[in-house]
Structures are given as C-alpha cells and as structure tokens.
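Each remark here refers to the structure printed beneath this line.
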Amino acid sequence: MKLKSLAGLGVLAAIGFASCQSETKKSSSADSLKSDSAEVVKLVPDSFKKEIDGKQTALYTLKNKNNAEAIFTNYGGRLVSLLMPNKDGKLVDVVVGFKSVGDYEKSTEPYFGATIGRYGNRIAKGKFTLEGKTYSLFTNNGQNTLHGGKKGYQYVVWDASQPNPNTLMLHYLSKDGDENFPGNLDVRVTYTLTDDNELKMDYEAKTDKTTVVNLTNHAFFNLNGDGSGEILNHKVQIYADEYTPVDSTLIPTGKMEKVKGTPLDFTTAKTIGARINDKNEQLTFGKGYDHNYVLNKTKAMGMFHAATVKGDKSGIIMDIYTQEPGLQFYSGNFMQSKNTFKTGAKDDFRTAIAMETQHFPDSPNQPAFPSTVLKPGEVYKTSSIYKFTK
C-alpha cells in the first residue's frame with residue numbers, strides 16, 4: 001500500500017467508465033468452445049441482471065486486440081471469467097466462476113472472483129485498536145474476522161462504468177460504521193485488460209476518519225481452465241524468502257520465518273502437489289497452503305515480482321507483479337463440491353488457487369508488520385498486474 005498526502009497526489013490515471021451492454025447470445029451447445037484444456041462457456045448478460053439492495057447488477061466485458069477477455073459483474077466487483085490463449089493459441093477460461101448473479105448470491109463460498117474489503121484476510125478475534133479506541137467486528141471465520149466481515153465488499157453492488165473496451169471502474173462508498181469499521185471510506189477500483197494480456201488492478205481509497213484498509217481481488221485461478229480438475233500439477237514460484245507463520249486459527253504469530261527447509265519454499269518453481277501433504281504443522285493448520293508470503297522485493301515491471309504460475313496442460317504462464325508487500329497463496333483447501341461452476345463442474349477440493357496481493361493478515365494487531373492505517377488527508381493507492389504468456 002502506498003499512502004500519499006492529498007496535496008502530493010497527482011490526478012489518478014484517468015480511466016473512465018460507462019456501462020457495457022454485451023450482445024452475447026443465449027448459451028447453447030454451439031456456444032461452448034472446446035480447447036485441449038477445458039471448455040469455454042459464453043455468458044448470458046441477462047443472467048447477471050438483477051436488483052440487489054436497490055441497485056442494478058450487470059455483466060461487463062473487457063476485450064483487447066488479442067481477443068482475450070475479462071468479464072466482471074458489479075455484484076461484489078467480481079471477476080467472472082478471464083479468457084487467455086493457451087500454448088496452441090486457443091482461449092482458456094483461467095478463472096473459475098458462475099453463470100449467473102443468483103449463483104453468486106447462493107454460493108457457499110462467498111469470495112469467488114470478488115473485490116475484497118474493507119480489510120482483506122484475517123483480523124484476530126475481530127478486534128483492533130486505533131487512536132485509543134477498540135473496534136469490534138463481526139467474526140465470520142471462527143473467532144476471527146475474514147475479508148471484511150459478515151457483509152464484506154463481495155456482497156455489495158458497486159457503481160460501475162466503462163468508457164472503452166479495455167477498462168472498467170468500480171466505485172463504492174463504505175460508510176462510517178460499515179461492518180463496525182471507522183470512517184466513510186471512498187473506494188475506487190480500476191480493472192484494465194491491456195493489449196499485452198495483462199489484467200491490471202488499481203485501487204484507491206480515501207477516508208474522513210482514521211481506519212484500516214487492505215484491498216485485494218480474490219480470483220480463483222485454474223490455468224488449465226474452469227472445470228479442468230485439480231491444480232496440483234501447476235508449477236509455482238513465489239519470490240519470497242520468508243512467510244508469516246500462523247496459529248491453528250490461521251492468525252499470524254507475529255514472526256517472519258524463512259521458507260528454506262520447509263514445504264512452503266517456492267523460491268524455485270515446484271508443483272503445488274509436490275509437498276502439500278507433507279507432515280508439517282503449518283500445512284496442517286491451513287489444510288494445505290493458506291499463507292502470507294513476505295515478498296523479497298525482486299523488481300520487475302516497476303513493481304515487486306510476486307509469483308509465477310504455470311498450467312501443466314495449457315502451458316499458460318501467469319506472472320504477478322504488485323506494489324504490495326505480501327502475497328497470500330491459497331491452494332483451494334476449503335473447496336467442498338457444493339457449488340457448480342459455469343462449465344457444469346463442481347468446486348471440488350483443490351481445483352483452483354488464489355494468489356492475493358495484499359498487506360499482511362492481522363496487521364492492525366501486529367506492530368512489526370507494514371501498517372494498514374489510513375488517515376484523513378492521505379490516499380490509499382496500490383496496483384497489481386496479472387500478466388499472461390504462453
């Protein structure tokens with residue numbers, strides 16, 4: 001996260017927004033394109049039109065010159081689909097998701113593709129203290145608060161606009177006391193699909209009262225395609241020499257420990273499944289990988305190079321760059337086959353991963369961690385890029 005004074009803040013890269021009305025026809029067997037990795041299903045815009053909390057939801061499609069697509073709904077600011085070319089040039093949907101807004105509403109997993117806030121990841125026992133005042137949040141993850149509480153940003157209808165085929169802007173005013181967080185937080189998120197097959201995520205927020213902020217996107221990736229099966233043969237490299245170990249409730253202990261000599265070491269590329277079932281307390285706590293990595297500040301693209309992931313069947317490579325200090329690697333350990341993806345496949349155990357660029361979990365209670373405090377007159381501003389090659 002970058003904090004800048006209002007006086008020193010330049011004009012945010014002016015990426016405008018206007019609603020996108022796709023003319024996609026109703027899905028049929030002819031609309032399902034086969035690749036050697038997984039099925040690609042065309043989405044029906046009418047299935048994403050609904051009034052929720054007095055606001056209209058819709059589907060928004062970003063396209064680039066390579067025919068890649070990033071498809072969002074403003075319900076939860078969700079990335080529903082992301083079509084990228086595989087090693088044979090065929091489009092693969094590398095993000096798992098649903099075919100309708102109703103499916104997202106009823107999903108037992110609330111975070112598929114969502115824009116996460118006000119605070120991504122966990123806050124211990126739902127409490128933190130700012131300027132001498134203790135705030136108590138709704139605990140929705142055992143004794144802890146996860147991803148903003150009971151009604152995090154994944155459940156709100158964002159104001160959306162799209163001025164061109166490449167760009168979507170989302171806006172949400174999170175009012176003072178929203179989920180018991182202090183301050184009116186004005187949030188703007190810009191998603192841009194570049195002609196270099198990059199999905200760029202730009203976040204900005206301002207507050208009128210001291211608060212904590214940690215925004216991210218919770219896309220669930222399977223680089224072999226939505227519905228293609230387990231991700232255990234994906235290769236992962238994470239540019240981090242340390243991680244923040246957790247207790248049995250997945251709250252950081254406050255320490256930063258070396259990954260070397262542990263199954264959490266991805267300093268060189270390894271398959272996710274190579275050591276995921278090793279006897280290790282941290283893997284037991286997370287039921288696999290569900291850990292924050294302390295990025296080692298390897299520079300690339302003018303940012304920190306966070307990770308490289310490669311799909312074993314598709315050959316698609318995803319490189320992640322960020323201005324954030326951490327990356328939460330989650331290996332789909334709590335997927336329970338209770339929901340049906342747009343391809344008709346179930347959300348089976350470890351059939352997708354999340355790679356969330358963010359500040360560290362429980363930072364409001366961990367003084368040694370980089371601060372997530374935002375004060376009036378400051379601007380929260382951070383960017384991440386997910387770049388796809390083959």
Side-chain angles (χ1 to χ4, degrees), residues 1-5 9 115-124 128 130 144-148 185 187 189 199-205 207 210-219 236-246 250-260 262 264-267 282 286 289-309 318-330 353-375 378-387:
M1 176 175 67
K2 291 183 175 180
L3 296 181
K4 298 184 178 181
S5 68
L9 180 71
T115 300
I116 299 295
R118 178 176 305 196
Y119 195 95
N121 220 306
R122 293 172 176 86
I123 295 178
F128 64 93
L130 274 180
N144 305 314
T145 297
L146 176 64
H147 294 328
L185 189 74
V187 183
V189 183
L199 182 60
K200 191 166 185 283
M201 305 177 181
D202 296 309
Y203 304 88
E204 182 176 318
T207 185
T210 302
T211 192
V212 293
V213 187
N214 192 24
L215 304 177
T216 190
N217 180 279
H218 209 309
V236 170
Q237 182 172 4
I238 301 175
Y239 299 89
D241 304 309
E242 296 179 311
Y243 75 107
T244 52
V246 295
L250 301 182
I251 291 294
T253 63
K255 298 178 180 179
M256 299 182 200
E257 294 185 357
K258 299 290 185 183
V259 297
K260 187 175 181 180
T262 78
L264 286 88
D265 185 354
F266 286 92
T267 52
Q282 289 295 305
Y289 299 107
D290 193 3
H291 294 82
N292 169 65
Y293 283 77
V294 181
L295 300 181
N296 61 20
K297 300 185 179 181
T298 297
K299 288 292 185 74
M301 302 274 290
M303 298 180 171
F304 301 143
H305 197 171
T308 301
V309 185
M318 177 175 71
D319 280 289
I320 303 170
Y321 308 95
T322 187
Q323 294 175 322
E324 290 295 289
L327 179 79
Q328 184 81 9
F329 171 35
Y330 169 60
I353 63 170
M355 289 278 187
E356 304 153 74
T357 57
Q358 58 189 308
H359 269 54
F360 302 170
D362 199 35
S363 290
N365 297 309
Q366 304 281 359
F369 288 178
S371 176
T372 54
V373 174
L374 180 69
K375 297 181 177 181
E378 297 177 333
V379 177
Y380 171 103
K381 191 177 181 184
T382 186
S383 297
S384 296
I385 292 173
Y386 293 70
K387 182 178 175 67

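All values derive from a computational prediction rather than experimental measurement.
Listed for the D319 side chain is no donor-acceptor partner under 3.5 Å among the backbone atoms of K387. Remark: the backbone N or O of E356 is paired with a side-chain donor or acceptor of Q358 at under 3.5 angstrom. Under the 3.5 Å distance criterion, the side-chain polar atoms of H147 are matched with a main-chain donor or acceptor of N121. A donor-acceptor pair is defined here as one N or O able to donate and one able to accept, closer than 3.5 Å; no such pair exists between the side chain of E204 and the backbone of K381. Side-chain atoms of N214 come within 3.5 Å of backbone atoms of H359 as a donor-acceptor pair (strictly under, hydrogens ignored).
Counting heavy atoms from C-beta on, the side chains of K260 and D241 never come closer than 4.5 Å. E257 has its side chain out of reach of T262: every pair of non-hydrogen atoms, C-beta onward, lies at least 4.5 Å apart. Side-chain atoms of L295 and P325, non-hydrogen and from C-beta on, never get closer than 4.5 Å to each other. At a threshold of 4.5 Å between non-hydrogen side-chain atoms, the residues M256 and F360 count as touching. Within the 4.5 Å cutoff, the side chain of N144 has no heavy atoms near those of the L250 side chain. Residues N217 and Y203 form a side-chain contact, since some pair of their non-hydrogen atoms from C-beta on lies under 4.5 Å apart. Under the 4.5 Å side-chain criterion, counting only non-hydrogen atoms from C-beta, V259 is in contact with Y293. Looking at heavy atoms from C-beta onward, I238 lies out of side-chain contact with Y243 at the 4.5 angstrom threshold.
Minimum heavy-atom separation, S384 to T357: OG-OG1, 2.8 Å. Closest of all the heavy-atom pairs between P252 and P361 is CG-O, 3.5 Å. Scanning all heavy atoms of the two residues, the minimum distance from L215 to R118 falls at CD2-O, 4.0 Å. Contact record, M301 with I385: CE-CD1, 4.2 Å, taken as the closest heavy-atom pair. The heavy-atom pair separating Q323 from F304 by the smallest distance is O-CE1, 4.1 Å. When all heavy atoms of T115 and V189 are compared, the pair lying nearest together is CG2-CG2, 4.1 Å.
Side-chain contact, T308 with Y239: a donor N or O sits under 3.5 Å from an acceptor N or O. If you check the side chains of N296 and E242, you find no donor sitting under 3.5 Å from an acceptor.
Taking CD of Q237 as the start and OG1 of T298 as the end, the distance is 8.5 Å to the nearest 0.5 Å. Here the CG-CZ distance, from N365 to R122, works out to 14.5 Å after rounding to the nearest 0.5 Å. To the nearest 0.5 Å, atom CE of residue M201 and atom OG1 of residue T216 are 7.5 Å apart.
With ring centers used as reference points, F266 lies under 6.0 Å from F329.
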Legend entry - Step-by-step side-chain contact (heavy atoms from CB on, under 4.5 Å) determination, T145 to Y119: CA-CA 9 Å; T145 297; Y119 195 95; over 6 Å; no
Inset, instruction - Determine, stepwise, if the pair Q328 / D290 fulfils side-chain contact (heavy atoms from CB on, under 4.5 Å). - result: CA-CA 7 Å; Q328 184 81 9; D290 193 3; 2.9 Å; yes
Legend entry - CA sep, side-chain torsions, deciding dist, call: Y380, L185, side-chain contact (heavy atoms from CB on, under 4.5 Å): CA-CA 10 Å; Y380 171 103; L185 189 74; over 6 Å; no
Legend entry - Steps toward side-chain contact (heavy atoms from CB on, under 4.5 Å) verdict (Q282, V246): CA-CA 7 Å; Q282 289 295 305; V246 295; 3.3 Å; yes
